[in-house]
J.: 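First, the structure itself, so that you have it in front of you.
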Amino acid sequence: MSAGARWSRAQRWSHQLSGAAILAALVGAIVMNRLVSDQGLRFMLYQVHKTLGIVALVLVLWRIGVRMRMPLPTPIRPAWQNSLSVATHRLLYVLIFIIPLTGWAMISASPLKIPTRIFGLVPLPDILPTSLPLYLALLKAHAWLGWALGAVLVLHITGALAHVRDGTFASIWRAPRPPV
Amino acid sequence: MDRCFYKALNGPAFGLVLLMAGTGPLRAEPGVLSATITPANTRIGFTINGIGWPQTRGVFDAFKGRLRVDFAHPAKSFVSVDIRAASVDAGGASITSYIKSSAMLDVAQHPAMNFRSTSVRRTSAHSVALTGLLSFFGATHPVTFTVRVLSKPGQRPLAFVATGAIQRSAFGFISGQPLISDTARITIASRGRGL
Ligand code: HEM
């Protein structure tokens, strides 16, 4: 969306909240899997990651619902950057939808049967039967798609920062100015 | 592990076990060491490998046992230990409760574990092979521990480290396989107080 126009409140909140949950899930995944060696803390962070991921999935569904009901953003310039941003957005929606789904499918198929409780309370049902090969495949897919999301997010954020001056960044970040 | 051991020495389980172990004065025999095994002088730990997760370590915080070491006739020595399965501690509330749950050790169904030695054989000046029956998860199977004596022979306090391994499947404890390895290693380290 170009200078002047601003997204509605639902559009901005669904963007900011789903973005925060996705970033937290992504950064948390790297921390729990690569940086933490204490097994108790690591196990606990896995549980937090699963809750964050499911919260992200709910917010993403909200975001997609809101996004489908709004007019397409007016193109940014130059044209190649507009094509790139359209492609980036499509890819982002695909990734943020299927990553939490693969995560949920993976823990469902896992032979470990570690119970998942959202916020430590609500039990998360399994969406697949226990299967070792399925679990291993989904585990790979989940992690690789996660890294792909990281790369696409770098593009997304770079694009947003490159379009601060023309008002694109503010259009999603801030409430519309009251009419003068 | 060290932190867990520290906890084992200080936690509420300690007092409980001391009470259970308070079996009165031990009969003194020359050349024979009779002692009680408690969390005050012993640490019982395990390690188990897995795929996609670093080695899992844990300790048991509540147990009592008796030890008789006949220095002149090692074969006449014996040891027995009773362990409360629910006292398992893996260094974190959420991982420990998973290990206790019916998905893993199922401590509600199988609350007790025990080991009774059946034979002791000297393998060197500082080591013995200790074989006994381990009851756990509703099954009983022989296990052999390699016991390395760290203190000077015949001298007190006695200090030793016993290591052994079990195949979980032999006990029907196959949870998490094959992601979690079939082999679990057990380490029992004793030193100091009362030994
Ligand atoms: C937007 C949502 C999510 C993102 C961005 C995300 C991202 C990631 C990434 C990048 C990894 C791999 C970390 C690494 O290789 O260092 C990972 C691992 C994991 N994720 Fe997610 N995830 C999300 C949602 C979920 C959900 C909903 C669940 C389950 C309910 C889940 C369960 C897991 C588990 C169990 C692992 C560890 C896999 C292992 O190595 O054993 N994730 N996640």
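In what follows, chains are A, B, ... by sequence order, proteins preceding strands, each numbered from 1. Since we're looking at a predicted model, the values are computed, not measured. Note that these values count all heavy atoms, side chains included, but never hydrogens, waters or copies made by symmetry.
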J.: Tell me, yes or no, whether the heavy-atom count around H126(B) atom NE2, taken from other residues, nucleotides or ligands under 6.0 Å, exceeds 12.
T.: no
J.: Same hydrophobic cluster for L155(A) and W144(A), using side-chain heavy-atom links shorter than 4.5 Å among ILVMFWY?
T.: no
J.: Quick one: pull up CD1 in I114(A) and CD1 in I95(B) and give me the separation to the nearest 0.5 Å.
T.: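 Here the interatomic distance stands at 8.0 Å.
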J.: Can you sort out the partners of S83(A) under side-chain hydrogen bond (donor to acceptor under 3.5 Å, both in side chains), two or more places apart, ordered by chain and number?
T.: none
J.: For W62(A), look at atom CH2 and say whether over 12 heavy atoms of other residues, nucleotides or ligands are found less than 6.0 Å away.
T.: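 Atom CH2 in W62(A) is packed in, count exceeds 12.
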J.: OH/Y135(A) to CD1/I51(B) distance, rounded to the nearest 0.5 angstrom?
T.: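 That separation rounds to 9.0 Å.
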J.: Within the supplied structure, the quantity of interest is the number of heavy atoms (other residues, nucleotides, ligands) at a distance under 6.0 Å from R42(A) CZ; does it exceed 12?
T.: yes
J.: Looking at L84(A), I'd like to know if its CG atom is crowded, meaning that more than 12 non-hydrogen atoms belonging to other residues, nucleotides or ligands lie closer than 6.0 Å.
T.: yes
J.: L57(A) and Y93(A): same hydrophobic cluster, using ILVMFWY side-chain contacts below 4.5 Å?
T.: yes
J.: Would you compute the distance between atom OH of Y98(B) and atom OH of Y46(A) and round it to the nearest 0.5 angstrom?
T.: 12.5 Å
J.: Tell me the residues of residues 175-186 of chain B whose non-hydrogen atoms fall below 4.5 Å from those of chain A, in number order.
T.: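 From residues 175-186 of chain B, the residues near chain A are G176(B), Q177(B), P178(B), L179(B), I180(B).
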J.: Do you know which of A103(B), G52(B), G50(B), P54(B) has the most heavy-atom pairs under 4.5 Å to chain A?
T.: P54(B)
J.: For W104(A), give me all partners under side-chain hydrogen bond (donor to acceptor under 3.5 Å, both in side chains), at least two apart in sequence or on another chain.
T.: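 Not a single residue meets the side-chain hydrogen bond (donor to acceptor under 3.5 Å, both in side chains) criterion with W104(A).
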J.: Report which part of L112(A) has an atom under 4.5 Å of a heavy atom belonging to chain B: side chain, backbone, both, or neither.
T.: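 Both parts, heavy atoms under 4.5 Å.
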J.: Can you tell me if Q39(A) uses its side chain to pair, donor with acceptor, with the backbone of A90(B) under 3.5 Å?
T.: yes
J.: Please classify the contact of T96(B) with chain A as side chain, backbone, both or neither, using a heavy-atom distance under 4.5 Å.
T.: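 Neither part.
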J.: Once side-chain hydrogen bond (donor to acceptor under 3.5 Å, both in side chains) is applied, do any residues pair with K100(B), and if so which ones, sequence neighbours excluded?
T.: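 Applying side-chain hydrogen bond (donor to acceptor under 3.5 Å, both in side chains) to K100(B) gives none.
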